[in-house]
K.L.:
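The structure's right below; bear with me while I get my questions together.
Letters go in sequence order (proteins before strands), and every chain restarts at 1. The structure presented is a predicted model; accordingly, all values stated were derived computationally and were not measured.
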There are 2 protein chains.
Amino acid sequence: MVRRLEKENRQKELSHLLADNPFTTDEQLAKKFGVSVQTIRLDRMEMGIPELRERTKQVARQVYDKVRSMLNHEFVGELLELKLEDYAVSVMEVGQEMVAEKSQVCNGDYIFSQANTLAIALINADVVLTGSARLRFRRPVYLKEKIVSRAVLARKKSNKYLIKVVSKVGAEEVFVGKFVVVAR
Amino acid sequence: MVRRLEKENRQKELSHLLADNPFTTDEQLAKKFGVSVQTIRLDRMEMGIPELRERTKQVARQVYDKVRSMLNHEFVGELLELKLEDYAVSVMEVGQEMVAEKSQVCNGDYIFSQANTLAIALINADVVLTGSARLRFRRPVYLKEKIVSRAVLARKKSNKYLIKVVSKVGAEEVFVGKFVVVAR
DNA sequence: TTCTTTTTAGTACCAGGTCTCAATACCTAG
DNA sequence: CTAGGTATTGAGACCTGGTACTAAAAAGAA
């Protein structure tokens with residue numbers, strides 16, 4: 001009875017530990033838990049957790065792609081339609097990394113970024129800057145929801161463009177923004 | 001003469017290849033270049049490029065940290081001062097990953113995120129959402145510039161807060177925003 | 001031809017594992 | 001008390017993708 005509990009707890013803790021620091025060898029883990037290396041290996045097997053190198057590779061790959069698309073972002077979301085100087089549509093699914101842990105509500109930054117990059121994508125110029133914007137977040141967006149953003153060019157005045165962006169989850173408006181962007 | 005050139009070219013190509021896809025074994029590389037594994041190893045040694053596992057680990061670690069601080073961001077920038085429901089100051093240096101390659105101009109998303117997260121940090125509640133905002137980007141911000149953002153609570157009306165954020169590079173205003181945030 | 005650079009081959013060794021077989025330890029039900 | 005199942009540990013062979021080192025062959029250049 002006691003040992004059963006010990007095992008369960010160890011395994012739970014183990015998976016948490018590895019979730020939040022995947023770069024630990026079985027040997028280090030064994031020391032940390034005061035058990036043998038074999039026990040750790042058995043635990044990993046039971047839970048289907050791969051070895052250190054595999055974990056490292058997975059993290060590296062995942063994030064390598066993500067960094068390319070998100071941090072180095074020219075664009076946030078996935079572009080669905082684009083007619084330059086007319087309208088554009090993109091979709092973005094709210095992922096775990098976008099929400100606050102407690103509330104599961106998507107951070108406004110992402111919603112803004114999706115809209116802002118979409119607005120900029122609409123303009124066909126090498127350098128496009130956001131000049132000003134008015135935003136309204138109409139309701140919180142939760143984990144796993146898909147935000148479809150539609151940007152429409154409303155007015156053009158020399159190198160200044162007024163773009164209206166509406167973001168929806170299903171039929172429901174979650175965000176509207178008016179962006180003035182400037183081409184250089 | 002010919003072989004010298006071959007070597008130089010191979011090494012150049014090698015480093016490019018690995019820069020843009022670090023997950024290749026020496027054996028795969030050897031096949032790709034039509035040389036022996038040893039030659040690839042020698043090339044790596046000469047150029048100080050570590051082995052596959054080390055490269056993978058580096059990518060994973062780098063990006064792991066970055067993801068934690070940026071993608072998983074509760075906060076963008078570095079918090080300098082905070083007096084809840086009064087004012088807050090943060091600073092952010094514009095990094096390579098924030099700028100458009102051509103123009104070296106910082107993407108507005110980051111400037112917004114710094115301001116938005118700062119505004120939210122000002123409010124002491126579990127769930128704080130951005131309700132609406134008016135933004136003005138006054139001038140482009142370039143690589144390596146340090147943006148100091150100052151958020152001040154202007155008005156409070158039950159659970160709604162009006163916050164004014166001013167971001168400066170040196171003495172120059174680069175962004176101003178008025179945020180209405182809602183606590184739940 | 002001799003010297004030098006480049007390339008290839010081969011061996012020993014390492015980390016961090018997998019996979020398999022066997023030996024204990026521990027608790028519990030009969 | 002004892003047989004039986006679960007949990008833990010140990011030991012050994014083998015794997016991948018290397019490092020470190022030695023040696024030999026190939027190809028120009030002097």
K.L.:
The side chain of B/Asp26 lies closest to which of these nucleotides: D/dG18, C/dT7, D/dT8?
P.N.:
D/dG18
K.L.:
Check step by step if side chain to side chain contact (heavy atoms under 4.5 Å, CB included) holds for B/Phe179 and B/Thr130.
P.N.:
CA-CA 7 Å; B/Phe179 293 80; B/Thr130 307; 4.2 Å; yes
K.L.:
Is the side chain of B/Glu145 donor-acceptor paired with the backbone N or O of B/Tyr142 at a distance under 3.5 Å, no angle test?
P.N.:
yes
K.L.:
Nearest-nucleotide wise, let me know which of A/Glu46 and A/Gln38 is further upstream toward the 5' end of DNA chain D.
P.N.:
A/Glu46
K.L.:
May I have the distance from B/Met45 (atom CE) to D/dC21 (atom P), rounded to whole angstrom?
P.N.:
11 Å
K.L.:
For A/Lys57 and C/dG16, what is the distance between atoms NZ and P respectively, to the nearest whole Å?
P.N.:
16 Å
K.L.:
Find the distance B/Ile40:CD1 to D/dG18:P and express it as a whole number of Å.
P.N.:
11 Å
K.L.:
Heavy atoms only, 4.0 Å cut-off, all strands: where does A/Glu51 land among base, sugar-phosphate and nothing?
P.N.:
sugar-phosphate
K.L.:
If you check every side-chain atom of A/Ser36, which of C/dT8, C/dT18, D/dG10 has the closest atom?
P.N.:
D/dG10
K.L.:
Examine C/dT8: is either OP1 or OP2 under 4.0 Å from a nitrogen or oxygen in the side chain of B/Thr39? Give yes or no.
P.N.:
yes
K.L.:
Separation of B/Leu52 atom CG from D/dT19 atom C1', in whole Å?
P.N.:
14 Å
K.L.:
Take the protein atom CG of A/Leu29 and the nucleotide atom C1' of C/dG16, then report the distance between them rounded to whole Å.
P.N.:
12 Å
K.L.:
Quick one: on DNA chain C, does A/Thr24 or B/Leu42 contact a more 5' nucleotide (nearest heavy atom)?
P.N.:
B/Leu42
K.L.:
Nearest-Å distance, CD (A/Glu54) to C1' (C/dA15)?
P.N.:
16 Å
K.L.:
Is there a donor-acceptor contact under 3.5 Å from the side chain of B/Arg55 to the main chain of B/Thr24?
P.N.:
yes
K.L.:
Do B/Arg44 and B/Glu54 sit within salt-bridge range, that is, some charged N less than 4.0 Å from a carboxylate O?
P.N.:
no
K.L.:
Looking at A/Arg53 and C/dG16, is any side-chain donor or acceptor paired with a base atom of the opposite kind under 3.5 Å?
P.N.:
yes
K.L.:
Which word best sums up how the rings of B/Phe112 and A/Phe137 line up, parallel for under 30°, tilted for 30 to 60°, or perpendicular for over 60°?
P.N.:
parallel
K.L.:
In whole angstroms, how far is the P atom of C/dT8 from the CZ atom of B/Phe33?
P.N.:
13 Å
K.L.:
Counting the atoms with a prime plus P, OP1 and OP2 as sugar-phosphate, which does A/Val37 contact under 4.0 Å by heavy atoms, base, sugar-phosphate, or nothing?
P.N.:
nothing
K.L.:
Would you please confirm or rule out a distance under 4.0 Å between OP1 or OP2 of D/dT8 and any side-chain N or O of A/Arg41?
P.N.:
no
K.L.:
Would you classify A/Arg55 as touching base, sugar-phosphate or nothing, given that sugar-phosphate means primed atoms plus P, OP1 and OP2, and contacts are heavy atoms under 4.0 Å?
P.N.:
nothing
K.L.:
Starting at CE of B/Met47 and ending at P of C/dT6, how long is that distance when rounded to a whole Å?
P.N.:
13 Å
